[in-house]
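The block underneath contains the structure these notes are about, expressed in structure tokens.
In what follows, every chain begins at residue 1, and chains take the letters A, B, ... in the order their sequences are listed. All of these numbers come straight from a predicted model, not from anything done at the bench.
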Number of protein chains: 2
Amino acid sequence: MLTNASKYAIRAVLHLTKKMDEATKMSGKEIGSDLDIPEAFIAKILQKLVKANIISSHKGPKGGFYMSKENLNNNINDIIWAVEGRDIFEGCFMGLPVCSDENPCPVHHIVAPFKEKLYMKFNDLTIKDFADEIKDNGTHLTIKGINVKI
Amino acid sequence: MLTNASKYAIRAVLHLTKKMDEATKMSGKEIGSDLDIPEAFIAKILQKLVKANIISSHKGPKGGFYMSKENLNNNINDIIWAVEGRDIFEGCFMGLPVCSDENPCPVHHIVAPFKEKLYMKFNDLTIKDFADEIKDNGTHLTIKGINVKI
DNA sequence: AATATAAAAGACTTATTTATCCTTTATATC
DNA sequence: GATATAAAGGATAAATAAGTCTTTTATATT
């Protein structure tokens, strides 16, 4: 449903937001290394995000990427839109040309409420809200430095 | 989540199953035309499905693709597996390296039950069950010959 | 002013998915 | 047996997604 690029983008933005209180900007290199994302690839994605006003950047020494106050008010859908340039929620899950409440595909009653919930969460919560939730829940954006039982 | 190929495959199998009572086999050409799927592409997919015993085929005049009694007992997951060769339900929706009930991503509580429901439906119901449901609900596998309000 | 740092920009490669085309094989019908 | 029909097989092309590399531009620090 989401491409690698937009998954990377979401993680990068949340990671940036998490670190923001330290007032230090992060380089693309650092972000890529922290999140195990190919550095050159995440650099391209970060570039797109800056253009779309999802994140901010500053060139030169001590420069890097950071979240401005305004940036924090964007939502996840803004990120996805900036990276993919299309609505990922449209279209029938099974690919039927006609799929609606009146003419539902066999999984319509499972998929429709799921999309609805997801869309609301991606639209109504700000990046700040997400970052707070992540901090509260102890969610790991990276696998570095944590012990996972496998 | 599903590729075009597996969406096409599911529609083709259900279409075949629907027409099965007429005891007439369907050509790949006919299936492609009925479902608005490129003929050469659906032909390749049908070939895979035959190999995986999801559908049956017969060469020559009056030949074509059809569903045997045994074929009807397969489920949707079998189709997806035959076409994609992997589990489409694995992995975190947001791409987090760690995502579980203990360490949930921000949408884990929305995604997990959705996947669960979908997996069950795709696993517990047979192709026959699906085809019956479609017939009962008047679901359209194709847009041909129906009037849709746009 | 020279230097080092880091993003911006653009060209390029690789992989995967989607789709097309052509030849071969099986088989029903005449 | 000749012919027509339809799937099987294989090779290739086009589109999209994923990832890499090199050069240019801005800027803080010395």
Notebook entry, point to check: How are the rings of B/F93 and A/F114 set to each other: parallel, tilted or perpendicular (split at 30° and 60°)?
Noted result: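 Answer is perpendicular, since the angle exceeds 60°.
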
Between [options], which nucleotide has the shortest distance from any of its atoms to the side chain of [X]?
{"X": "A/H58", "options": "C/dA6, C/dA26, D/dA28", "result": "D/dA28"}
{"X": "B/P61", "options": "D/dA4, D/dA7, C/dA19", "result": "D/dA4"}
{"X": "B/N4", "options": "D/dT20, C/dA7, C/dA19", "result": "C/dA19"}
{"X": "B/V50", "options": "D/dA8, D/dA28, C/dA28", "result": "D/dA8"}
{"X": "B/K59", "options": "C/dT18, C/dT25, D/dT20", "result": "C/dT25"}
{"X": "B/K51", "options": "C/dT20, D/dG9, D/dA8", "result": "D/dG9"}
{"X": "A/S27", "options": "C/dA7, D/dG19, C/dT18", "result": "C/dA7"}
{"X": "B/K44", "options": "C/dT29, D/dG19, D/dA11", "result": "D/dA11"}

Item checked: A/S57 side chain near C/dA8 phosphate (N/O to OP1/OP2, under 4.0 Å) ->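 Result: yes.
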
Item checked: Under 4.0 angstrom between A/Y8 side-chain N/O and D/dG19 OP1 or OP2 -> yes

What's the [atom1]-[atom2] distance between [X] and [N], to the nearest Å?
{"X": "A/I37", "N": "D/dA18", "atom1": "CD1", "atom2": "P", "result": "12 Å"}
{"X": "A/Q47", "N": "D/dT20", "atom1": "CD", "atom2": "P", "result": "16 Å"}
{"X": "A/L2", "N": "D/dA17", "atom1": "CG", "atom2": "C1'", "result": "14 Å"}
{"X": "B/F41", "N": "D/dA13", "atom1": "CZ", "atom2": "P", "result": "18 Å"}
{"X": "A/K48", "N": "C/dA7", "atom1": "NZ", "atom2": "P", "result": "18 Å"}
{"X": "B/K25", "N": "C/dT27", "atom1": "NZ", "atom2": "P", "result": "12 Å"}
{"X": "A/D36", "N": "D/dG19", "atom1": "CG", "atom2": "P", "result": "12 Å"}
{"X": "A/I45", "N": "C/dA9", "atom1": "CD1", "atom2": "P", "result": "16 Å"}

Next item on the list: Would you mind classifying the nucleic acid contact of B/A43 as base, sugar-phosphate or nothing, using non-hydrogen atoms under 4.0 angstrom?
Entry: nothing

Next item on the list: Report yes or no: does A/T139 contribute a side-chain atom to a donor-acceptor pair with the main-chain N or O of B/P104 at less than 3.5 Å?
Entry: yes

Next item on the list: Please determine if A/K121 and A/E133 form a salt bridge, counting it only when a charged side-chain N lies under 4.0 Å from a carboxylate O.
Entry: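 Yes, A/K121 and A/E133 are salt-bridged.
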
Note to self: Are there over 12 heavy-atom neighbours, none belonging to A/Y119, within less than 6.0 Å of that residue's OH?
What the structure shows: no

Checklist line | Where B/L49 and B/A9 come nearest, the two heavy atoms and their spacing | finding: CD1-CB, 4.1 Å

Item checked: Row check, A/Y66 ring normal vs A/K25 NZ/CZ: under 6.0 Å, within 45° -> yes

Notebook entry, point to check: Of B/E39 and B/R86, whose closest DNA chain C nucleotide lies nearer the 5' terminus?
Noted result: B/R86

Check: Given that A/I42 and A/G60 both sit by DNA chain D, which one's nearest nucleotide is further toward the 5' end?
Finding: A/I42

